[in-house]
**Q** 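Below is a structure I'd like to ask you about.
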Amino acid sequence: MSNTFFQKDIVSVRDFDREKFEEVFKATDKVIEMNPNERRELARGKTLGYLFFEPSTRTRLSFEAAMASLGGTSIGIADASSSSAKKGESLADTVRIMSLYSDVVVLRHQLDGSSRFAAEVSERPLINAGSGTEEHPTQAILDLYTIRKEKGRIDGLKIGIVGDLKYGRTVYSLLYALGNYRANVRLISPPSLKVRSDSTYEIRKKLAYTEATDLEENLTDLDVVYVTRIQKERFADMEEYVKVKGSYKLGPELLKKMKDDVIIMHPLPRLDEISHKLDSTPNAKYFNQAKYGKDARAALLALVLNEKGI
Ligand code: NCD
């Protein structure tokens, strides 16, 4: 019997149910425990093709490192201005060409809907590595994996999501994903950066959450604090950005008011929203999160590429 991810696109976490998440988490545990020689058989002779139309550090590098750890190779375009997109080639043609040269295609693009569209023209499974302000499904997978690993569970936890909830695509994927668990979610943002109302209808169907603006007042009972960067590049009006820039800063003083065993997460890159002074505390989990990202992506690639799974 083939595993449910075999040769499938990964476009949105809205296509996932709890079993699917658990399947990837189990596979992630397995690839971490596997001996490297065994792990290198999972994508031997296979090629990952990546197309990044927006900047990336972790997502692209962790996909490449993941593919290498499975014995495969990666080819790609890290900066679309160096590709024929610059000459006016369409996204459809660029994706189609990449899918002729690779076994799985990884796409990051500034447009909402780009991944769904690309999956239709791709000859190979397509993985969304960030589509506009809409979604970043592999980030949500590694985010949930991190919570499960660091707190031992997801159900029953009080999770605060802080920052730019309007434009942060990691937030949307995380909220859709949390809808499969019994978590208690508090959304903390400036009023102008609340979760977009076109998405709340769908989120509310599966997830109970409350909204707040004051960070200090709303931190004391949280088990997980997920901080996000204000997405400057997505603002149509820079004056609006200036108004909210630097709204929230998590430093040692605020940490003292929080639960001793709170975990602090961030998809990264961070600007000034988490003080570097927190990096050496046991609460800071954002670097662990980035580390798990490689293994979670390796597990996902292994599932997509191997009919029998891992
Ligand atoms: C995020 C993204 O690209 O959405 N980065 C990432 O992949 N970890 C978050 C961000 O850019 O703020």
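Order of appearance sets the numbers: ligands from 1, and atoms from 1 within every ligand. Keep in mind that the numbers below use all heavy atoms, side chains included, and drop hydrogens, waters and symmetry copies.
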**Q** Parallel, tilted or perpendicular: which fits the ring planes of F21 and F16, with parallel below 30° and perpendicular above 60°?
**A** tilted
**Q** Any idea which atoms of ligand 1 are less than 4.0 Å away from a heavy-atom of L268?
**A**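 So the atoms of ligand 1 that pass are 1 (C), 5 (N), 6 (C), 8 (N), 9 (C).
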**Q** Would you tell me whether E240 and S192 have side-chain atoms, one donor and one acceptor, within less than 3.5 Å of each other?
**A**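 The criterion, which ignores hydrogens and geometry beyond distance, is not satisfied for S192 and E240.
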**Q** Check D223, V225, I263 against M258 for a side chain to side chain contact (heavy atoms under 4.5 Å, CB included) and give me the one that passes.
**A**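 Result for side chain to side chain contact (heavy atoms under 4.5 Å, CB included) with M258: V225.
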**Q** If we only count N/O pairs under 3.5 Å, is R58 in contact with ligand 1?
**A** no
**Q** Hey, does the Lys NZ or Arg CZ of K20 hover above the aromatic six-ring of F5, less than 6.0 Å from the centre and inside 45° of the axis?
**A**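 Checked: cation-pi criterion met.
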**Q** Pairing donors with acceptors under 3.5 angstrom, does anything connect the side chains of Q139 and T170?
**A**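 Checked: Q139/T170 side chains show no N/O donor-acceptor pair below 3.5 Å.
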**Q** Check ligand 1 against R108 and write out every atom of the ligand that is under 4.0 Å from a heavy-atom position of the residue.
**A** 3 (O), 7 (O)
**Q** Check ligand 1 against Q231 and write out every atom of the ligand that is under 4.0 Å from a heavy-atom position of the residue.
**A**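 By the 4.0 Å cutoff, the relevant atoms are 10 (C), 12 (O).
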**Q** With a cut-off of 4.0 Å, which atoms of ligand 1 are near a heavy atom of T59?
**A** 6 (C), 7 (O)
**Q** Could you check whether H266 and E273, counting side-chain N and O atoms only, form a donor-acceptor pair closer than 3.5 Å?
**A** yes
**Q** State the atoms of ligand 1, each with its element, that fall below the 4.0 Å cut-off from a heavy-atom position in P267.
**A**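 Those of ligand 1 that fall under 4.0 Å from P267 are 8 (N).
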**Q** Where on E54 is there a heavy atom closer than 4.0 Å to ligand 1, on the side chain, on the backbone, on both, or on neither?
**A**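 Near ligand 1, E54 shows nothing, with every heavy atom at 4.0 Å or more.
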**Q** Please identify which atoms of ligand 1 are closer than 4.0 Å to at least one heavy atom of P269.
**A** 10 (C), 11 (O)
**Q** Could you tell me the residue and atom name of the protein heavy atom closest to atom 11 (O) of ligand 1, and the distance to it rounded to 0.1 Å?
**A** R229 NH2, 2.9 Å
**Q** Given R60, H136, R169, which has its nearest heavy atom closest to atom 3 (O) of ligand 1?
**A** R169
**Q** A cation-pi test, strictly: NZ or CZ of R196 under 6.0 Å from the centre of the six-membered ring of Y172 and no more than 45 degrees from its axis. Yes or no?
**A** yes
